[in-house]
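Throughout, numbering of the chain's residues begins at 1 and tracks the sequence.
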Amino acid sequence: MKSVTRRLALAFAGAAGVAALAMPVLAQSKFYEGAPRTYLYNPDTEVCFKDTSQYKKDGPYVIGFSNAGLGDSWRVVMLHSLQKAAAEHKGKISKLIITDAGHDDAKQVADIQDLISRGVDLLIVSANTQQALDPAVQQAMAQGIPVVMMDRRVASDDFVTFVTASDAMMGRLFAQWIAEKLNGKGNVIMLAGQAGSSPSENREKPAREVFAQYPGIKVLETVYSDWSPVKGKQVMQAMIAKYGKEINAVWSAHGLQTPGSIEAFIEAGYKDGEIPPHTTADVNGPLQMAIQHKVPMLEVGYPPAMGGVSVNVALQVLAGAPVPCIYTINSQIAVSEGDETPSIQTSLRLTDMVVPNGPADMLITGGMGADYDPKTFKVDYPQ
């Protein structure tokens, strides 16, 4: 039987290599469907909104999407979500031009400059790294082309809006849950994503701020997985070899690398119920493994459905409607049975979200519908 990391590694071959990710029909009774918690619980009396009246123009529009790359299954589903939304708005969008930088900063800078030269009305950008893409985004804004950041932002605030789930909330909740699970004392490995990418950095920093409030919590090391289960396994094997039983919890920035970490503990001889608590997001495999091997786990979603949301937000900008400076979509929060803590209270359990017989690399928060399969997905979007 193929290892989980081997099965999940298929996702890194791009759309053609991704295993079927058909969205399950899930019981919705316990699922949170209200306004984003990050908006409702915001302590400020005012939330930042951008006046977009200067960008108002008649359609149909040419929209460019500069994608960092398709290095994992999450990004494949995100792209399909974006294409699907564009197809649903054919009357308003005359052309959607998509570029893929292959996770190369220089290529993405060139892609953005090319899209500018092609006269796009608006740019959607998912930046490979924050710093390197900042000048290119600023160039577009300086030429009057509104930029909607999505999933990955640039370092400055020189864009119209940022469509995301709350990285800061994820980082804090992950860290708070771990601190409380360990009763304020223990050693943590931070299994981050890609060094320099905004989702990873914007989860790491708030998490460290939470851990710093607990003098008994020590972050042994921060290691990077590049959002890969294969590399996640490799770096966790190195951490287990170095620290062994001193590791009391693993803060993982997303679910893409979490299966590799759990597999490293299993291969190191840890029995069911002995593997340290882990955090995760979006991916079916970690939930399956947590249930099977009795791993305490917190799931906080970062839905790839934000791809489609970015198209809807782009049309709001071109219609001159005000939009939030940060457009946050909903995240589901679930824990393994018996693993709620004083700060992490939710009616959702991993068993409510997992698809027991589904593919390990299924994106359970994709929002693409019950018949979705990334290997065969096609949609007639304006090109």
Q: Let me see the working for Y214 and K185 under side-chain contact (heavy atoms from CB on, under 4.5 Å), right down to the final yes or no.
A: CA-CA 8 Å; Y214 293 86; K185 186 176 182 179; over 6 Å; no
Q: Could you tell me the separation between the CD atom of Q108 and the OG1 atom of T99, rounded to the nearest 0.5 Å?
A: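 If we round to the nearest 0.5 Å, Q108:CD and T99:OG1 are 7.0 Å apart.
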Q: For atom CG of D272, is the number of surrounding heavy atoms from other residues, nucleotides or ligands below 6.0 Å larger than 12?
A: yes
Q: How close do P303 and W74 get, heavy atom to heavy atom, and via which atoms?
A: O-CZ2, 3.8 Å
Q: Is the closest side-chain donor-acceptor distance between D226 and S228 under 3.5 Å?
A: no
Q: Does the side chain of I98 come within less than 4.5 Å of L79's, by heavy atoms?
A: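 The answer is yes; the side chains approach within 4.5 Å.
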Q: Is the NZ or CZ atom of R203 both under 6.0 Å from the centre of the six-membered ring of Y302 and within 45° of that ring's axis?
A: yes
Q: Taking NZ in K107 as the centre, count heavy atoms belonging to other residues, nucleotides or ligands within less than 6.0 Å. Is the count above 12?
A: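 Check passes, neighbour count above 12.
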Q: Counting distance only, does the side-chain N/O of Q257 pair as donor-acceptor with the main-chain N or O of L191 below 3.5 Å?
A: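 Yes; at least one donor-acceptor contact below 3.5 Å.
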Q: Verify side-chain contact (heavy atoms from CB on, under 4.5 Å) between L96 and L82, making sure each step is shown before the conclusion.
A: CA-CA 10 Å; L96 173 65; L82 186 143; 3.5 Å; yes
Q: Would you say NZ of K245 has more than 12 non-hydrogen atoms from neighbouring residues, nucleotides or ligands within 6.0 angstrom?
A: yes
Q: Please answer whether the main-chain N or O of K271 pairs with a side-chain N or O of E274 as donor and acceptor at a distance below 3.5 Å.
A: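 Indeed, once roles are kept as given, a pair shorter than 3.5 Å links the two residues.
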Q: Would you say the side-chain atoms of D134 and Q138 include a donor-acceptor pair closer than 3.5 Å?
A: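 There is such a pair (donor and acceptor under 3.5 Å, judged by atom type) between the side chains of D134 and Q138.
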Q: Calculate, to the nearest 0.5 Å, the distance between atoms CZ and CD1 belonging to F65 and I124 respectively.
A: 7.0 Å
Q: Between Y270 and G273 (side chain of the first, backbone of the second, donor and acceptor by atom type, cut-off under 3.5 Å), is there such a pair?
A: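 Absent.
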Q: Go through Q83 and H80 one step at a time and tell me if the side-chain contact (heavy atoms from CB on, under 4.5 Å) criterion holds.
A: CA-CA 5 Å; Q83 292 170 328; H80 291 171; 3.5 Å; yes
Q: Could you give me the CA-CA distance, side-chain angles and deciding distance for D158 and S156, then say whether side chain to side chain donor-acceptor pair (under 3.5 Å) is met?
A: CA-CA 5 Å; D158 196 2; S156 75; 5.3 Å; no
Q: Please determine whether the number of non-hydrogen atoms from other residues, nucleotides or ligands lying under 6.0 Å from atom CZ of F162 exceeds 12.
A: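 Counting other residues, nucleotides and ligands, CZ of F162 exceeds 12 neighbours.
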Q: Side chains of K57 and D121: does their closest heavy-atom pair fall under 4.5 Å?
A: yes
Q: Should the pair R153-E201 be classified as a salt bridge under the 4.0 Å nitrogen-to-oxygen rule?
A: no
Q: Where do R75 and S126 land on the side chain to side chain donor-acceptor pair (under 3.5 Å) test, with the steps shown first?
A: CA-CA 10 Å; R75 300 197 66 78; S126 183; 2.8 Å; yes
Q: Assess, by modelled atom type and distance only, whether the side chains of S197 and Q130 contain a donor and an acceptor separated by less than 3.5 Å.
A: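 Distance-only check fails for S197 and Q130.
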Q: Answer yes or no: is there a side-chain heavy-atom contact under 4.5 Å between P259 and P286?
A: yes
Q: Where is the tightest heavy-atom contact between I247 and P276, given as atom of each residue plus distance?
A: O-CG, 3.6 Å
Q: Any side-chain heavy-atom pair from P60 and I93 closer than 4.5 angstrom?
A: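 The answer is no, as the side chains (C-beta and beyond) never meet within the 4.5 Å cut-off.
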Q: Does the side chain of N128 pick up a donor-acceptor pair with the side chain of D105 at under 3.5 Å?
A: yes
Q: Is there a side-chain contact between R152 and S198 (heavy atoms, below 4.5 Å)?
A: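 R152 reaches S198 side chain to side chain.
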Q: Among side-chain atoms of Q113 and S117, is any donor-acceptor pair under 3.5 angstrom?
A: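 Q113 vs S117: no donor-acceptor pair found between side chains.
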Q: When rounded to the nearest 0.5 angstrom, what is the spacing between CD1 in I333 and CH2 in W177?
A: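 Answer for the CD1-CH2 pair, I333 versus W177, is 13.0 Å.
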Q: So, do F377 and Y372 have ring centers that fall under 6.0 Å from each other?
A: yes
Q: Donor-acceptor pair, H293 side chain versus V295 backbone, under 3.5 Å?
A: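 No; judged by distance alone, with no hydrogens or angles, the pair does not exist.
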Q: Is a side-chain donor-acceptor pair under 3.5 Å present for S261 with H278?
A: yes
Q: With distance as the sole criterion, is a donor-acceptor pair present between the side chains of Q332 and E299 under 3.5 Å?
A: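 Not at all, the side chains of Q332 and E299 share no donor-acceptor pair under 3.5 Å.
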Q: Of all heavy-atom pairs between Q288 and A360, which one has the smallest distance, and what is that distance?
A: OE1-CA, 3.7 Å
Q: Is it the case that one hydrophobic cluster holds both L220 and Y224, taking links as side-chain heavy atoms less than 4.5 Å apart, direct or via other members?
A: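 In one cluster with L220: Y224, no.
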Q: Roughly how far, to the nearest 0.5 Å, is CD1 of I262 from CD of E267?
A: 12.5 Å
Q: Can you check whether Y61 and H89 have ring centres sitting under 6.0 Å from each other?
A: no
Q: Minimum heavy-atom separation for A175 to A207, with atom names?
A: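 Closest heavy-atom pair between A175 and A207: CB-O, 3.6 Å.
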Q: Can you tell me how far the CG atom of D339 sits from the OG1 atom of T346, to the nearest 0.5 Å?
A: 12.5 Å
Q: Looking just at side-chain N and O atoms, do E180 and Q176 make a donor-acceptor pair shorter than 3.5 Å?
A: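 Distance-only check passes for E180 and Q176.
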Q: Between T222 and V219, which heavy-atom pair has the shortest distance, and what is it?
A: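 Answer, listing the atom of T222 first, then V219: OG1-CG1, 4.2 Å.
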Q: Keeping N187 on the side-chain end and A249 on the backbone end, is there a donor-acceptor pair under 3.5 Å?
A: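 No; zero donor-acceptor contacts below 3.5 Å.
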Q: Under a 4.5 Å cut-off applied to non-hydrogen side-chain atoms, are T258 and T279 in contact?
A: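 No; the side chains remain at least 4.5 Å from each other.
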Q: Classify the side-chain pair Y243/E221 by whether it contains a donor and acceptor separated by less than 3.5 Å.
A: yes
Q: To the nearest 0.5 Å, what is the distance between CG on N202 and OG1 on T164?
A: 8.0 Å
Q: Just do the side chain to side chain donor-acceptor pair (under 3.5 Å) check on S66 and D111 with the steps written out, would you?
A: CA-CA 7 Å; S66 171; D111 287 345; 5.0 Å; no
Q: Is the NZ atom of K294 crowded by more than 12 outside heavy atoms at less than 6.0 Å?
A: no
Q: Give me the atom names and distance for the closest heavy-atom approach of N248 to L182.
A: O-CD2, 3.6 Å
Q: Using a 4.5 Å cut-off on heavy atoms from C-beta on, say whether the side chain of F49 contacts that of V323.
A: no
Q: Could you tell me whether the side chain of K50 reaches within less than 4.5 Å of the side chain of Y327, counting heavy atoms only?
A: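 SC-SC contact between Y327 and K50 ruled out.
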Q: Show the numbers, then the answer: is there a side-chain contact (heavy atoms from CB on, under 4.5 Å) between M150 and M78?
A: CA-CA 10 Å; M150 186 268 296; M78 174 274 291; 3.3 Å; yes
Q: Can you tell me if K205 has over 12 outside heavy atoms packed within less than 6.0 Å of its NZ?
A: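 Check fails, neighbour count at 12 or below.
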